[in-house]
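Counting starts at 1 for both ligands and their atoms, following the listed order.
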Amino acid sequence: MATSKSINPATGETIKEYTRISTNEALEKIAASKKEFHQWKQKTFEERAKLMYALADVLDSNKEEYAQLATREMGKVIGQARKEIEKCAWVCRYYAEHAATLLADEDVKTEATKSYVTFQPSGVVLAVMPWNFPFYQAIRFAAPSLMAGNTGVLKHASNVQGCALAIEEAFLKAGFPKGVFTNLNVDSKDVKKLIEDKNIAAITLTGSDAAGRSIAAIAGQNLKKTVMELGGSDAYIILDDVDLEKATDLATLGRLQNNGQTCIAAKRFIVHDAIYDDFLALFTTKMKAAKMGEPTNEDSYYGPMARLDLRDELHEQVQKTIQQGGRLVLGGTIPEGKGAYYPASILVDLKPGMEAFDNELFGPVASVIRAKDDAHAVELANNSQFGLGSGVFTKDIQRGEKLALQLEAGSSFVNKLVVSDPRLPFGGIKNSGYGRELAAYGIREFVNTKTIWID
Ligand code: NAP
């Protein structure tokens with residue numbers, strides 16, 4: 001019988017093996033979800049909101065248990081795991097409170113007696129999700145989709161099946177009818193059959209661009225709507241007037257939080273020539289001082305990567321960059337002992353065409369790149385296949401905003417690390433994907449935007 005394994009990346013120990021369900025079993029669950037959709041879509045926003053608030057309460061009251069589970073399965077440090085659960089509860093409450101307004105009918109003045117736009121749910125939404133924020137990614141899709149009247153089925157990453165089951169259970173504990181949110185422990189090769197199934201209305205993927213290309217192609221063949229939240233190689237421009245202490249503190253946090261495995265992590269630091277040497281020296285000191293350790297220890301700044309294969313892949317990317325002429329000024333050596341640890345590392349002397357410049361390094365490795373002036377910094381930042389997040393650090397707000405507007409990305413933040421916030425749209429351009437999650441834009445992705453005309 002096929003299984004998926006949860007392995008503690010800090011120790012290498014198998015936590016549990018989960019039996020996968022067959023494609024047919026998955027299709028049966030999807031059919032049940034479709035059946036439930038016909039009931040669920042009839043509910044009022046108030047009725048759905050009551051359950052969504054209850055879900056937020058379940059998340060709050062089980063915060064420690066869920067946080068420990070996420071830390072065990074994918075290695076994030078425990079304090080950040082607790083924050084992830086808190087954020088899930090926030091997103092649930094946000095959509096419970098605002099869904100009715102965000103999806104309110106819009107009157108349009110025409111020559112009709114009455115004409116308006118109404119937003120009706122699409123049906124069953126299939127979500128294919130990654131392990132890096134095992135609770136948040138699932139809730140970020142589910143809270144708006146379900147509040148809009150859709151039902152959801154989750155194909156979570158194979159290494160976080162414990163989290164996937166805990167999320168499904170949380171929905172049931174909150175009182176959601178069975179079938180409104182369903183976990184499907186299937187192999188990724190079965191996803192094609194699920195997309196092709198007539199009961200799936202739309203698909204949302206958060207993951208790598210490789211998975212995105214595959215899923216979007218199948219969905220395209222079946223004319224099904226998709227939202228793609230893919231990888232990134234976010235550029236942060238550090239201008240010559242910054243407070244270096246503050247900028248290097250944020251740079252260290254930006255590159256190491258979630259053990260370096262955040263889609264919107266600061267990955268390429270593009271630093272103004274005038275302060276390049278000082279920035280690099282201080283940043284290197286702080287990255288070196290950041291404590292790598294057991295993720296359940298409250299004082300670990302960062303923990304292991306989520307899986308050994310991902311750690312080894314990252315190391316190969318670092319090695320390839322060095323062969324291409326890049327230079328390592330910190331880290332780059334796999335530590336001895338158990339676990340998928342990789343040390344905080346910094347690469348310099350990078351140019352377009354090198355691995356670390358062109359591709360996503362999904363782990364605690366920073367790329368520091370020298371820019372001649374503002375225009376050169378923007379040119380380097382935009383010289384990327386990706387366009388997810390981006391940032392500018394400067395004391396001059398107007399200069400920062402001017403550059404932020406020129407950056408090719410779904411979000412550009414000035415003097416703050418990019419975050420996802422339910423009040424603002426989140427997503428990317430270029431190979432970082434398309435479509436948006438969160439805010440009004442996210443809840444309107446999986447609805448039929450329908451015109452009504454009464455003559
Ligand atoms: P991944 O390998 O693409 O996996 C993501 C999900 O897709 C998992 O559930 C995986 O299942 C499934 N999957 C992979 N290949 C598939 C295929 N060909 N067909 C169907 N399903 C497939 O990505 P990851 O390594 O878990 O996550 C890291 C990537 O996600 C990074 O690139 C990161 O930047 C990106 N990410 C983006 C966002 C965003 O909001 N834009 C947020 C977080 C992460 P299995 O686990 O069973 O392989």
Inset, instruction - Not counting sequence neighbours, list each pair that qualifies as a side chain to side chain donor-acceptor pair (under 3.5 Å) and has a residue in residues 327-337. - result: R327-D349
Inset, instruction - Determine whether the side chain, the backbone, both or neither of N132 has a heavy atom under 4.0 Å from any heavy atom of ligand 1. - result: side chain
Legend entry - Nearest protein heavy atom with distance in Å, relative to atom 22 (C) of ligand 1: S188 CB, 3.5 Å
Inset, instruction - Around atom 36 (N) of ligand 1, find the nearest protein heavy atom and jot down its residue, atom name and distance. - result: C263 CB, 3.5 Å
Legend entry - Side chain, backbone, both or neither: F362 near ligand 1, heavy atoms under 4.0 Å: side chain
Legend entry - salt_bridge(E86, K63) N-O dist < 4.0 Å: yes
Inset, instruction - For ligand 1, indicate whether the residue S214 contacts it via side chain, backbone, both or neither (heavy-atom separation under 4.0 Å). - result: side chain
Inset, instruction - Using a 4.0 Å heavy-atom threshold (strictly under), name the region of V128 that reaches ligand 1: side chain, backbone, both or neither. - result: side chain
Inset, instruction - Using a strict cut-off of less than 4.0 Å between a Lys/Arg side-chain nitrogen and an Asp/Glu carboxylate oxygen, indicate whether D197 and K193 qualify as a salt bridge. - result: no
Inset, instruction - Look at atom 32 (O) of ligand 1 and say which protein heavy atom is nearest, naming residue and atom and giving the distance to 0.1 Å. - result: E360 OE1, 2.6 Å
Legend entry - Atom of E229, atom of F426 and distance for their closest heavy-atom approach: OE2-O, 3.0 Å
Legend entry - Nearest non-hydrogen protein atom, atom 16 (C) of ligand 1: A211 CB, 3.8 Å
Inset, instruction - Quickly, which of E64, R72, E65 forms a side-chain hydrogen bond (donor to acceptor under 3.5 Å, both in side chains) with Q68? Name it, please. - result: E64
